[in-house]
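Remember, it's 1-based here, ligands and their atoms both numbered in the order they're listed.
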Amino acid sequence: MNKKVTIVGAGLVGSLCSLYMTKRGYDVNIFERRKDLRKEIITAGKSINLALSTRGWTALKNAGIDNQVRKIAIPVYKRIMHDKKGVLTEQPYGNDGEAIYSVSRAKMNVLMMDLAEKNGANLFFNEKCIDVNFKTSSTTFENTKSKNQQIINSDFIIGADGTFSVVRKKMIEKYNHSFNYNEINHDYKELLIPSAKDNTYLLDKNALHIWPRGDFMLMALANLDGSFTCTLFAPKEGKNSFQSLNNKKNIEDFFKEMFPDFTKLVPDLYSQWNLNPTSNLAIVKTFPWHFKNTTLIIGDAAHATVPFYGQGMNCGFEDCRVLDELLNKHDNLTNCFKEYSNIRKPNGDGLQDLSLHNFIVMRDKTADPKFLLQKQIEKKFSNLYPDIWTPLYSMVSFSNIEYSKAWKIGLKQEEVMQTVMKIPNIEKVWKENQIMEKIKSLIIQ
Ligand SMILES: Cc1cc2nc3c(=O)[nH]c(=O)nc-3n(C[C@H](O)[C@H](O)[C@H](O)COP(=O)(O)OP(=O)(O)OC[C@H]3O[C@@H](n4cnc5c(N)ncnc54)[C@H](O)[C@@H]3O)c2cc1C
């Protein structure tokens, strides 16, 4: 008889995971707390857009759906930094043709749910998980409309229910798993740059735009309809914070002073500001990510992170690919889930370290000429010695190297570059052979 799997949450990761499970011949039921997103009109630009990169694509390809996703993805080849005078500086993300991809989270979720259903999963909406019996592998759902409860038995349960996962919460309560929820001091708010009248783009659509300003920053990614979804990240309290931006005048003055070129593109800035919520950002750590052979957690439920490396979804997709590989490897589910926990947890931690690190890079360092020079030097060295040096950004975004390994190598590279950047007149001599040789000697030490 086919194995029966219950997936809690029809978000991006739950939907992709179902595709892997139906491909294995399992009977898959997905229970989602919200109503069916597909029955609402999805307006582009009204939702977060996400950067999809290589490890996400690898997982989509293995599930056989990369080509469908490609149709709603916009390639992003570079960062463009906007300074306070509106002067632009470009920084390519990788080598020629290498890109991350901008996708609308809502459009992507709708597509993934359609594909999940088309491939045999049953989707149930307005069904909120309220309890899990880990010993009997049964899940209790409450219908959010009728309040009726039902218990679903299956061979195993996959908790893909996001940052505030009930599956994880119950596991922690019942089995004393380790848990840490850490909200950072910055919140975010979305804003929209509209399309031009003829639905063309007011900025370069193939770039991620950043307005780096030290303790706060604004960024923008293109949507398919000519608009850009933008996100302001700023401290909760203090100078230039969400708390201090509290009336029309100081909000408009702040934008005019800090982001003048952006402000010219957004005539209804103040009404957007009032309409769009301010949301917080948090890191979730827990261990283990499974209970025996009955339950595991995946995606944000296991490793929610801050969005600054654009990797939360990519990491969740990678969880699905790795789980599938482990199911191929093991006949025994207990061993399979144990190995899944053990090998994915360091990568969840690695991603969280990388994400916090990249916040500083994006909001601060991308405005620093010395940092941009450092990246140019690294690129030259990496082109010369590709076997010895892959830039950290490329390891994370353009490869499937484990996050934990990428982070470790990245720390070593940073140490080397700190020494190199101290060489007198580095801005003049950086192209010389002796600099390249110096880097080589330091990195292979
Ligand atoms: C501002 C921002 C920008 C981001 N940018 C990027 C990016 O550029 N690239 C990237 O890779 N990632 C990015 N992320 C992260 C990405 O959005 C998440 O990692 C991803 O959505 C996680 O998917 P998930 O399916 O695990 O969780 P979710 O998307 O949260 O889905 C969980 C699902 O479970 C359902 N659910 C919750 N509780 C229950 C319950 N009790 N019962 C039943 N169903 C339930 C929810 O309704 C939801 O549908 C960003 C996040 C933010 C906040």
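- Taking the six-membered ring for Trp and the full ring otherwise, the centers of His209 and Phe262 sit at least 6.0 Å from each other.
- Using a 4.0 Å cutoff on heavy atoms, Ala160 counts as a contact of ligand 1.
- Of the options Lys408, Glu318, Gln311, a side chain to side chain donor-acceptor pair (under 3.5 Å) to Tyr403 is made by Gln311 and by none of the others.
- Counting heavy-atom neighbours within 6.0 Å of Lys128 NZ, excluding the residue itself, gives a total of 12 or less.
- The closest protein non-hydrogen atom to atom 8 (O) of ligand 1 is Ala51 N, 2.6 Å.
- Using a 4.0 Å cut-off between heavy atoms, Val166 contacts ligand 1 through its side chain alone, with no backbone atom that close.
- For the pair Glu32 and ligand 1, the shortest N or O to N or O distance falls below 3.5 Å.
- The residues Lys329 and Glu325 are annotated as not salt-bridged, no charged nitrogen and carboxylate oxygen being separated by less than 4.0 angstrom.
- Residue Asn314 places a heavy atom less than 4.0 Å from ligand 1.
- Of all protein heavy atoms, the one closest to atom 3 (C) of ligand 1 is Pro307 CB, 3.4 Å.
- Proximity to Gly299 (heavy-atom distance under 4.0 Å) selects the following atoms of ligand 1: 26 (O).
- Under the 30°/60° scheme for interplanar angles, the aromatic rings of Tyr393 and Phe398 are found to stand perpendicular.
- Residue contacts with ligand 1 for Tyr188 involve side-chain atoms from C-beta outward but no N, CA, C or O (heavy atoms, distance under 4.0 Å).
- The aromatic rings of Phe233 and Tyr188 sit tilted, their planes meeting at an angle between 30° and 60°.
- Checking Cys129, Ser397, Ser53 against atom 42 (N) of ligand 1, the nearest heavy atom belongs to Cys129.
- The option from Ile297, Val167, Ile130, Asp300 that lies nearest to atom 20 (C) of ligand 1, judged by heavy atoms, is Asp300.
- Ring orientation note: the planes of Phe31 and Phe141 are close to parallel, at an angle under 30° on the 30°/60° scale.
- Taking every non-hydrogen atom of Arg34 and a distance limit under 4.0 Å, the qualifying atoms of ligand 1 come out as 47 (O), 48 (C), 49 (O).
- Residue Glu190 places no heavy atom under 4.0 Å from ligand 1.
- Proximity of Asn109 to ligand 1, defined as any heavy-atom pair under 4.0 Å, is not found for any part of the residue.
- Backbone and side-chain nitrogen or oxygen atoms of Gly310 are examined, and one is located within less than 3.5 angstrom of a nitrogen or oxygen of ligand 1.
- The nearest heavy-atom contact from the protein to atom 5 (N) of ligand 1 is Leu50 CD2, 3.4 Å.
- Those atoms of ligand 1 that come under 4.0 Å of a heavy atom in Val8, given as number and element, are 42 (N), 43 (C).
- The aromatic rings of Phe216 and Phe254 sit tilted relative to each other, their planes meeting at an angle between 30° and 60°.
- Nearest heavy-atom pair across Ser138 and Asn153 is CB-OD1, 2.9 Å.
- Using a 3.5 Å distance cut-off with no hydrogens or angles, the side chains of Asn335 and His330 do not pair a donor with an acceptor.
- In terms of protein heavy-atom proximity, atom 37 (C) of ligand 1 is closest to Asp161 O, 3.3 Å.
- Nearest-residue assignment for atom 27 (O) of ligand 1 (options Gly312, Gly162, Ala282, Cys17; heavy-atom criterion): Gly162.
- Applying the 4.0 Å criterion to heavy atoms of Phe31 picks out, from ligand 1, the atoms 43 (C), 44 (N).
- Between the side chains of Asn400 and Thr58, at least one donor-acceptor pair of N or O atoms lies under 3.5 Å.
- Residue Glu127 approaches ligand 1 through these ligand atoms, each under 4.0 Å from one of its heavy atoms: 42 (N), 43 (C).
- Remark: the Lys189 side chain and the Thr278 side chain contain an N/O donor-acceptor pair separated by less than 3.5 Å.
- Using cut-offs of 30° and 60° for the angle between ring planes, the Tyr175 and His177 rings count as tilted.
- Protein heavy atom closest to atom 25 (O) of ligand 1, with residue, atom name and distance, is Val13 N, 3.0 Å.
- Scanning the protein heavy atoms around atom 31 (O) of ligand 1, the nearest turns out to be Gly11 CA, 3.5 Å.
- A donor-acceptor contact closer than 3.5 angstrom links the side chains of Glu127 and Asn143.
- When the heavy atoms of Arg105, Arg33, Met313, His303 are ranked by distance to atom 17 (O) of ligand 1, first place goes to Arg105.
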